[in-house]
Protein chains: 2
Amino acid sequence: MDVDTRLLRYFVAVAEEGTLTRAAERLFVSQPALTKQIKQLETRLGVRLFTRSRTGMALTEPGRALAERVPGLLTDWDQVVREAKRAAGRAVRVLRVGFLASAANEATPRIITEFARRRPGWRADMRQATWSNPSAGLADGDVDAALLRLPFPGQDTLRTAVLFTEPRWVALPTGHPLAACDLIAFDDLRDEPFVAAPPESGWWRDHWLAVDERDGHPVTIGAVTDQPDDWLSAIANGYGIAFAPASAARFYARPGVTYRPVSGLGPSRVGVAWSPADDTDPVVQDFVRCCLDHGPGPGENPAGDAPRPNGPPHTPPPPNTTGTDRPGGPASARA
Amino acid sequence: MDVDTRLLRYFVAVAEEGTLTRAAERLFVSQPALTKQIKQLETRLGVRLFTRSRTGMALTEPGRALAERVPGLLTDWDQVVREAKRAAGRAVRVLRVGFLASAANEATPRIITEFARRRPGWRADMRQATWSNPSAGLADGDVDAALLRLPFPGQDTLRTAVLFTEPRWVALPTGHPLAACDLIAFDDLRDEPFVAAPPESGWWRDHWLAVDERDGHPVTIGAVTDQPDDWLSAIANGYGIAFAPASAARFYARPGVTYRPVSGLGPSRVGVAWSPADDTDPVVQDFVRCCLDHGPGPGENPAGDAPRPNGPPHTPPPPNTTGTDRPGGPASARA
DNA sequence: TGCGCCTATAACCTGACGGCATGGACGTGG
DNA sequence: CCACGTCCATGCCGTCAGGTTATAGGCGCA
């Protein structure tokens, strides 16, 4: 009895949500597509899995039997895939490192230099991820370690360590009225349209839209982008503004985009992340140590709030919108 | 990372066979299809699984990692499916019984009557299977028990008990020269074209073509059929002859088809089969007991060779060809 | 009675998967 | 030395499965 694992994930989603409509939203597919897929799963197995009603989809007895074991199978499968990918890197002595945007800023070259010194024969393969992939491939086993902004979705199943902290600024079109100010109050930005990350990034998108700081005030989405370049263009073209680490002013300077400090907004943390499966892996742990030793600038405190000891510090994080993976979030729009 | 389990079975087959060509034969697909599928699996995972050479496909390091764990995942999945199907039957108090052709002949009604007596409230659901499914759905978990001809493929992973034995006869077109004989020697039939079961039935097909008794002499396939009705038509229309249990003369009498005893050919055994998982299931075990108590005719010995204590005994088994799931088998033809 | 919440169906489009035929690489045997 | 066998790869094409949008239908509720 052959089935696509995607079909199994569909099944689990419907079983958990209790309705096709909600499950369809969560899976980013249309409701009719789900209807058909579930029906097909039932005919393929020759077993009725749900009883339909106006109130939703309720598991039958065999459905419950399936729902009990399928999630375990799926995590097993994901685990197997991760192991295979991992073996691929090990075989050629490559440590795969994912990162988002400018990674650890000026610290990045220091870290990889140090890693090369400690592990002769090994190579660190740096792979930039898009914002639809907030764990930079770590969750999928595409990389062994990742340099990224904390917090990020899926963080609880991984290990993380903070390298340094920097303030969140705002990026706006140069012609924007507020661009004239040297310091902008968060409250003045609340009603602006924002350039956001794609919905798949979940609440990470919310984090960079400062949803938590808005007291329920809804976010206006002016554009959705997946990479720094599109993001810069969207801002320069006036589709919206976006929060960004202060370091973005150095790494992502561009005509038409102006960066300004924001008051009333918490800082951003840069960290290194790895899989618990690599807690005892000497190579990965070496890399983590390199990050901790050389990530913070000289004299910088890993947990500290100091904006910049070695020149102005900042990086560009992804912009986001309201989380679509939590029911009840504000609606997302598209440029 | 979503994949069709079929793709995983493809992968396992290639890993085990060591060449695409052989694996393709075993999977009943073309070699180019396999080439493409394996390539797709590799790109989906982002990992090279095989190193290609003129001698075949050799697993890479990550390929080995995968090959080690995938078979386990597949059997787990099959197991889960079986459990779900099983739960479906239990929920409505139905014992699903698969059978092939005439099942246990005249004993069948006795068995289900006795089961109804022992298990009030339960119903035995009899499901006829095609010959492409020699375990009558037991291997897939579609049924809880099965009445079928022994031996059958997959038998070693299931439980079986013999009910009775009957001679193998031959079915031929009424106009066939040999139809005039009262008893036909096996050797006289060797070069006749045969009506066979589909290749998926593996060596069960071979069994009914008496491949083992031919000393390597190749089989001529005149037609391939999947059900008793097609089988009778094929014989009546002269596409070939076929071996059949003696009881077929009673259960599958038809103008144009004549049944004759064969000398020099071993008998056929009828048995009941069930899954080891049901060794302790009271309902299944009750059914098995009904079979053993009421399967053999009065005074008939379950292991005995007695052709008929209660009138002429026989049933129609499926015809088959040479096993295509063993490399080197004769080519299969089509009507 | 109209609205809102479900699920199911219809019509349509695209892409994946399978088949056949063929090509290219390489070793073997007459 | 060339013809052949055995691998895997590629191109072309038909079919079907999966997705989309639009819409229908059942039922509770204000």
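Chain identifiers are assigned alphabetically (A, B, ...) following the order of the sequence lines, protein sequences preceding nucleic acid strands; residue numbering begins at 1 within each chain. Side-chain atoms are counted along with the backbone in the values below, which use heavy atoms only and exclude waters and symmetry mates.
Using a 4.0 Å heavy-atom distance criterion, B/Lys36 is classed as a base contact. In this structure, A/Thr55 reaches neither bases nor backbone, as no heavy-atom distance under 4.0 Å exists between it and the strands shown. B/Ala33 comes within 4.0 angstrom of the backbone, heavy atoms only, and of no base.
One interatomic measurement links the two molecules: CG of A/Leu27 to C1' of D/dG18, which rounds to 14 Å at whole-angstrom precision. Summarising the geometry, the separation between CG on B/Asp4 and P on D/dG18 is reported as 9 Å, rounded to the nearest angstrom. The distance from atom CZ of B/Phe50 to atom C1' of D/dA9 is 16 Å, rounded to the nearest whole Å. Rounded to an integer number of Å, the gap from CZ of B/Arg6 to C1' of D/dG18 is 14 Å. The CD-C1' distance, from A/Glu42 to C/dT7, rounds to 12 Å in whole Å. When the C1' atom of C/dC6 is taken as reference, atom CD1 of A/Ile38 falls 15 Å away, rounded to whole Å. A straight line from CZ of B/Phe28 to C1' of C/dC20 spans 19 Å, rounded to a whole angstrom. In this structure, A/Arg48 atom CZ and C/dA8 atom C1' are separated by 12 Å, rounded to whole Å.
B/Arg44 has no side-chain polar atom (N or O) that falls below the 4.0 Å cut-off from OP1 or OP2 of C/dA16. Contact annotation: B/Gln40 side-chain N/O to C/dC17 OP1/OP2 distance is under 4.0 Å. Dashed line: the shortest gap from a side-chain N or O of B/Ser53 to OP1 or OP2 of D/dC8 is not under 4.0 Å.
For A/Gln37, counting side-chain heavy atoms from C-beta on, the closest listed nucleotide (C/dC6, D/dG18, C/dG18) is D/dG18. Taking the side chain of A/Arg52 as heavy atoms from C-beta on, and the options D/dC7, C/dT7, D/dG19, the nearest nucleotide is C/dT7. The side chain of A/Leu20 lies closest to C/dA8 when the candidates are D/dC8, C/dA8, D/dG18. In the set C/dG19, C/dT7, D/dA9, C/dT7 carries the atom at the smallest distance from any side-chain atom of A/Thr21. When the nucleotides C/dG19, D/dA9, D/dT20 are ranked by their closest atom to the side chain of B/Ser30, C/dG19 comes out on top.
Under 4.0 Å is where a charged nitrogen must lie from a carboxylate oxygen, and between B/Arg64 and A/Glu83 no such pair does. A salt bridge links B/Asp2 and A/Arg9; the closest N-O separation between the charged side-chain nitrogens and carboxylate oxygens is under 4.0 Å. Salt bridge B/Asp125/B/Arg96: absent, no basic N to carboxylate O contact under 4.0 Å.
Remark: the B/Gln31 side chain and the B/Thr35 side chain contain an N/O donor-acceptor pair separated by less than 3.5 Å. Inspection of the A/Thr21 and A/Glu25 side chains reveals no N or O donor paired with an N or O acceptor under 3.5 Å.
Note that CZ of B/Arg26 is 10.5 Å distant from CG of B/Leu34, once rounded to the nearest 0.5 Å. Here the straight-line distance linking atom CD of A/Gln227 with atom OG of A/Ser132 works out to 8.5 Å at 0.5 Å rounding.
Within the structure, the ring-ring contact (aromatic ring centres under 6.0 Å, His included) test picks out the following pairs touching residues 47-85 of chain A (sequence neighbours left out): A/Phe11-A/Phe50.
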Protein and nucleotides 22-30 of chain D: nitrogen or oxygen contacts under 3.5 angstrom:
unit_1, atom_1, unit_2, atom_2, d
D/dC27, O3', A/Arg54, NE, 3.2

